[in-house]
Number of protein chains: 2
Amino acid sequence: MNPTIKDVARHANVSIATVSRIINGLPGYSEDTKKKVEEAIEALGYQPNAIARGLINKRTQTIGVLFPEVSGMLSSEVLEGVENAAHDGGFSVIVCNTASSGKRTVKYLRLLQEKRVDGIIFASEDVTEEYYKIFQEMKVPVVLVSTASHYELPFVRVNDFEGAFQATEYLINKGHKKIGMIGGSVNDPIAGVPRMKGFEEALLAHELPFSANHITTNEGYRFQNGKESLPILLEHLPEMTALFAASDEMAIGAMSAAHQLGIKVPEELSIIGYDNLKIAEMCYPALTTVSQPLKDMGQTAGDILVKLIKGKEKEAESRYMPFSIVERQSVSESRDK
Amino acid sequence: MNPTIKDVARHANVSIATVSRIINGLPGYSEDTKKKVEEAIEALGYQPNAIARGLINKRTQTIGVLFPEVSGMLSSEVLEGVENAAHDGGFSVIVCNTASSGKRTVKYLRLLQEKRVDGIIFASEDVTEEYYKIFQEMKVPVVLVSTASHYELPFVRVNDFEGAFQATEYLINKGHKKIGMIGGSVNDPIAGVPRMKGFEEALLAHELPFSANHITTNEGYRFQNGKESLPILLEHLPEMTALFAASDEMAIGAMSAAHQLGIKVPEELSIIGYDNLKIAEMCYPALTTVSQPLKDMGQTAGDILVKLIKGKEKEAESRYMPFSIVERQSVSESRDK
DNA sequence: GCGTTTTACGTAAACGTTTACGTTTTTATT
DNA sequence: AATAAAAACGTAAACGTTTACGTAAAACGC
C-alpha cells in the first residue's frame with residue numbers, strides 16, 4: 001500500500017530511527033543523510049501515517065465540535081471560525097450534529113472519546129451532569145461557545161443580558177414607549193431568560209411599563225416562531241410601535257408577518273433583532289440588530305482550546321465577546337416622541 | 001490513563017484475544033466468559049481505542065469533506081446531509097474549508113491522506129488535474145457533490161441546464177417576454193455556463209430574442225453580486241419584466257436593489273432564483289425559486305461514499321437529483337400577456 | 001472408551017510510528 | 001597519538017489493537 005517509514009529507511013540505507021528524526025526535526029544526523037532521506041521521501045511519495053503517530057504520541061491533532069444543528073446559520077458561522085483556528089493550530093475538526101438530542105450527544109461524546117480527540121468545543125445546549133461526567137472521564141479540555149454552565153468550564157459568548165438591555169434602550173432612545181418582545185424559551189438559560197430579563201430591566205430603568213403581556217415566549221428561535229408571535233403580541237399590545245426579537249430569524253419572521261398584515265416596517269413598527277446573521281442585511285428593510293461576532297467567537301473558542309491542548313495555559317480564561325448594535329433600516333424614530 | 005484491552009483481560013482473567021473477540025462479536029467463547037468480560041468492561045469503563053484499531057484495520061471510520069466555504073448556507077445544508085449519512089454509516093466527518101484556494105485544498109488533501117480517511121466528499125470547485133492525482137494516490141473513494149469533472153468520478157447534483165431552462169420557461173409561461181438573467185461566471189462549468197445556457201435555450205425555444213445584453217455575469221453568487229447586477233441589467237434591458245438569477249442570494253440582492261429603485265416586486269418585476277435556500281422563504285416577497293434538494297444531495301453523496309468504502313458497490317453510480325420549482329410570491333403574470 | 005470433530009481459549013506477530021538506550025564513528029583536547 | 005567528548009546512527013521496546021495459528025478441553029459418534 002502506502003510507503004512506510006521502513007521503505008524510506010531501506011531506500012536511503014539508514015535506520016527508521018534516523019528517518020523519524022529527520023521528519024520530526026530532531027537532532028542527530030548529518031546533512032548528507034538528511035539529503036539522502038529527503039530524496040527517498042520524495043521518490044517514494046512518503047506520507048507519515050498520522051494514525052500510527054497518534055497511537056504512540058497519544059495525540060491525534062483532532063478536535064470535536066458539537067452543534068445542535070450544523071445547517072443553522074448561527075452554527076455554521078461559528079463553525080467556520082472554529083475550523084479556522086483549529087487549522088491554524090494544526091488540528092482537524094470533526095463535526096457532530098447533536099440535533100438537540102441528549103441521546104445523540106452522549107453517543108457522539110463516546111465516539112469522540114474512542115477516536116481520542118484532543119479537545120472538544122461544545123456549542124450545543126446546556127451542559128448536563130451526564131455530559132460533564134463524560135468530559136471529566138475523557139480528560140480533555142472543553143470549551144463552550146454561546147453557552148455556559150454552572151460547571152467550571154471556559155466559555156466564549158456575549159453578555160446576553162447586556163445585549164438585550166442595550167437593544168431595548170436603543171428603541172427607547174428612538175422615542176418608542178410601547179415596546180414588545182418576541183422572546184425565546186423560559187427554560188433556556190442562555191438565549192432565553194437573559195435576553196428577556198435584559199428587555200424587562202431596560203424598560204424598568206426608563207420607567208416604562210412592563211408586564212408579561214409585553215413578551216411572547218417561544219420554543220425555538222426560528223422564522224416561523226417570529227411569524228406566529230407577531231399577531232399574538234399585537235393582540236396583547238395593540239399600540240406597540242417597536243419590537244425586540246431575541247433572534248434575527250424571529251425578527252424577520254415578524255417582519256414577514258407585518259408585511260402580510262399591511263403594517264409598514266419601520267414606519268409603523270420598528271424591529272430590532274439579535275445575532276446579525278448574514279440574512280440581516282439581505283432582507284427588506286435591512287434589519288437593525290445586535291451583532292454577535294459569531295465567526296470571531298468560533299475562532300476564539302478554537303484558539304483557547306488549542307492553547308489548552310498545547311498546555312500553554314493552565315487555567316482556562318472565559319471570554320465575553322463584545323457585541324454592537326448595527327443600524328440598518330428596520331428601526332425609525334417614534335412618531336409620538 | 002484510559003484502561004486498555006489488557007486491563008480488561010487481566011481483570012477478567014482471560015487473554016486479550018478473547019476480549020477482542022467478545023468486543024467484535026466474533027465467535028469463540030462461552031457465555032460465562034462473555035459475562036465475565038462484559039462485567040470487567042463495565043467496571044473499568046473501558047472504551048476501545050479507535051486509533052489502535054485504525055492502525056491495524058487500516059480503516060479509520062472517518063471521511064473528509066471539502067467545502068469552499070463552510071458558513072455558506074448552501075454548503076452548510078449539504079454538510080448536514082453528509083454528516084447524517086456518515087453518522088448512520090458509522091463514520092465521522094472531518095470538515096475542511098478550502099476557502100476556494102488551491103493551495104489550501106492541496107494542503108487539506110495531504111492532511112486527509114496522513115490521517116488516513118476512508119473516503120472523501122468533494123464539494124469544492126473544479127477538480128483540477130493536481131487534485132485528481134492526489135485522489136488516485138490516496139486510493140480512497142471520492143464523491144463529488146454539486147460539482148462534476150471530466151474525470152471519472154461519481155457525482156451528485158442536479159441538472160443545471162434543465163433547472164435553468166425550466167426556470168426561464170416558467171417565466172415565459174407567466175407571459176413574460178423581456179427576460180433578463182443575473183448569471184455566474186463564464187469560467188464556472190457547473191453553476192455558471194449551464195445555467196446561462198439553459199436560460200438562452202429556453203428563450204430561443206420560445207422564439208424570444210436573446211443577446212449578450214440579456215445576461216450580466218458575475219464573479220461570485222452572492223447577495224452583493226445580485227444587487228450590483230440589477231442596475232446594469234436594467235440599463236441593457238430597460239423593458240425587462242422578469243428576471244432569472246443564478247442563485248438565491250443574487251435574486252435577493254436584486255430584490256433589494258429593486259426596492260431601492262422603487263421597482264415593485266413582483267408587480268413590475270418578477271424574480272425567480274435558484275437553490276431554494278432557507279432565506280428564500282424568509283425574504284419579502286418570498287422568493288419563487290428552483291429548489292435543489294441540498295440536504296438530500298449531501299445525504300445521498302454520503303450514502304454513496306459509505307457504500308463505496310464498504311465495498312458494496314464496485315462502480316460508483318452518479319446521481320442527478322430532481323429539482324423543482326417552488327412557487328412563492330416573487331413572480332406574477334406579465335401584464336402585457 | 002477411543003478417535004474425531006468442535007469449541008474455547010491463549011500466544012505471538014503485525015500495523016507504522018517514536019524514543020530511550022546503546023554503539024560506533026568522528027571531532028576535539030592534550 | 002592517546003583519550004575524552006560529541007555527533008551520528010542503529011536496536012528494540014512500546015503504543016493498543018486484531019488475527020492467524022496452535023493447543024487443550026469438551027462434545028460427539030460409534
Side-chain angles (χ1 to χ4, degrees), chain A residues 1-38 40-41 44-62 110-111 113-118 138-139, chain B residues 1-38 40-41 44-62 90 110-118 138-139:
Chain A
M1 277 280 286
N2 277 316
T4 77
I5 200 174
K6 229 172 191 165
D7 300 318
V8 175
R10 194 174 323 139
H11 194 276
N13 260 323
V14 295
S15 76
I16 59 173
T18 302
V19 178
S20 175
R21 276 187 282 256
I22 291 174
I23 291 172
N24 296 314
L26 300 173
Y29 49 83
S30 69
E31 277 304 308
D32 265 9
T33 54
K34 178 176 178 181
K35 199 166 296 173
K36 259 198 311 182
V37 168
E38 275 169 350
I41 288 177
L44 300 178
Y46 168 74
Q47 296 271 130
N49 183 326
I51 300 301
R53 279 184 161 171
L55 182 56
I56 193 152
N57 290 335
K58 291 161 179 308
R59 275 285 191 81
T60 52
Q61 301 295 112
T62 305
R110 293 287 174 212
L111 193 74
Q113 189 174 10
E114 290 192 11
K115 293 236 163 118
R116 299 299 193 262
V117 295
D118 298 329
M138 292 179 72
K139 288 188 271 268
Chain B
M1 278 279 286
N2 276 316
T4 76
I5 199 174
K6 228 170 191 168
D7 301 320
V8 176
R10 194 172 324 139
H11 195 276
N13 259 323
V14 296
S15 76
I16 58 174
T18 302
V19 178
S20 175
R21 276 187 280 257
I22 291 173
I23 291 172
N24 297 314
L26 300 173
Y29 49 83
S30 70
E31 276 304 310
D32 265 7
T33 55
K34 178 175 178 181
K35 199 166 295 175
K36 260 199 309 180
V37 168
E38 275 169 349
I41 289 177
L44 299 177
Y46 167 74
Q47 296 269 131
N49 183 326
I51 301 300
R53 277 184 163 173
L55 183 56
I56 193 150
N57 289 335
K58 292 158 178 310
R59 275 286 191 83
T60 53
Q61 301 296 112
T62 305
R110 294 287 174 211
L111 193 77
L112 293 176
Q113 190 175 9
E114 289 193 13
K115 293 237 164 116
R116 299 298 194 262
V117 295
D118 298 329
M138 293 178 72
K139 287 189 270 269

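So you know, we letter chains A, B, ... as the sequences are listed, proteins then strands, and number each from 1. Atoms considered below: every heavy atom in the structure, side chains included; atoms not considered: hydrogens, waters and symmetry mates.
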Quick one: which protein N/O atoms are closer than 3.5 Å to N/O atoms of nucleotides 7-9 of chain D? Pair and distance per line, please.
residue : atom : partner : partner atom : Å
D/dC9   : OP2  : A/Ser30 : N            : 2.5
D/dC9   : OP2  : A/Ser30 : OG           : 3.4
D/dC9   : OP2  : A/Thr33 : OG1          : 2.8

Under 3.5 Å, which protein N or O atoms sit close to an N or O of nucleotides 26-28 of chain D? Give each pair with its distance.
none

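Across all their heavy atoms, A/Ala40 and A/His11 have their closest contact at CB-ND1, 3.5 Å. Residues A/Gln61 and A/Asp118 share a closest heavy-atom pair of N-OD2, 2.6 Å. Across all their heavy atoms, A/Lys36 and A/Val14 have their closest contact at NZ-CG1, 4.2 Å. When all heavy atoms of A/Val19 and A/Val8 are compared, the closest pair comes out as CG1-CG1, 3.9 Å.
In terms of the side chain to side chain donor-acceptor pair (under 3.5 Å) criterion, A/Thr4 has no residue partners (sequence neighbours excluded). Partners of A/Lys115 under the side chain to side chain donor-acceptor pair (under 3.5 Å) rule, at least two apart in sequence or in another chain, are B/Thr62, B/Ser92. Listed by chain and number, the residues in a salt bridge (charged side-chain N to carboxylate O under 4.0 Å, His left out) with B/Asp7 are B/Arg10 (sequence neighbours excluded).
Here the range on DNA chain C touched by chain A, meaning any atom under 4.0 Å from one of its heavy atoms, is C/dG16 to C/dT19.
Contacts of B/Thr4 with the nucleic acid, taken as non-hydrogen atoms under 4.0 Å apart, involve only primed sugar atoms and P, OP1 or OP2.
Atom OG of B/Ser20 and atom OH of B/Tyr29 lie 10.5 Å apart (nearest 0.5 Å). Taken from CG in A/Asn13 to OG1 in A/Thr18, the straight-line distance is 11.5 Å, to the nearest 0.5 Å.
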Please assess A/Ile41 against A/Ile23 for the test side-chain contact (heavy atoms from CB on, under 4.5 Å), listing each intermediate value before the final yes or no. CA-CA 10 Å; A/Ile41 288 177; A/Ile23 291 172; 4.2 Å; yes

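Between A/Asn2 and B/Ala17, the residue anchored closer to the 5' end of DNA chain C is B/Ala17, taking for each the nucleotide with the nearest heavy atom.
A salt bridge (Lys or Arg N to Asp or Glu O under 4.0 Å) check over residues 25-34 of chain B, counting only residues at least two apart or in different chains, returns nothing. Judged as a salt bridge (Lys or Arg N to Asp or Glu O under 4.0 Å), not a single pair has a partner in residues 45-62 of chain B (not counting sequence neighbours).
Within residues 47-62 of chain B, the residues having any heavy atom under 4.0 Å from DNA chain C are, by residue number, B/Leu55, B/Ile56, B/Lys58.
The overall bend of the helix from C/dG1-D/dC30 to C/dT30-D/dA1, read as the angle between its terminal helix axes built from five base pairs each, is 30° when rounded to 10 degrees.
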Output a table of donor-acceptor pairs, distance under 3.5 Å, between side-chain atoms of residues 44-51 of chain A and any protein atom two or more places apart or on a different chain; print 'none' if there are none.
residue : atom : partner : partner atom : Å
A/Asn49 : OD1  : A/Ile51 : N            : 2.7
A/Asn49 : OD1  : A/Ala52 : N            : 3.2

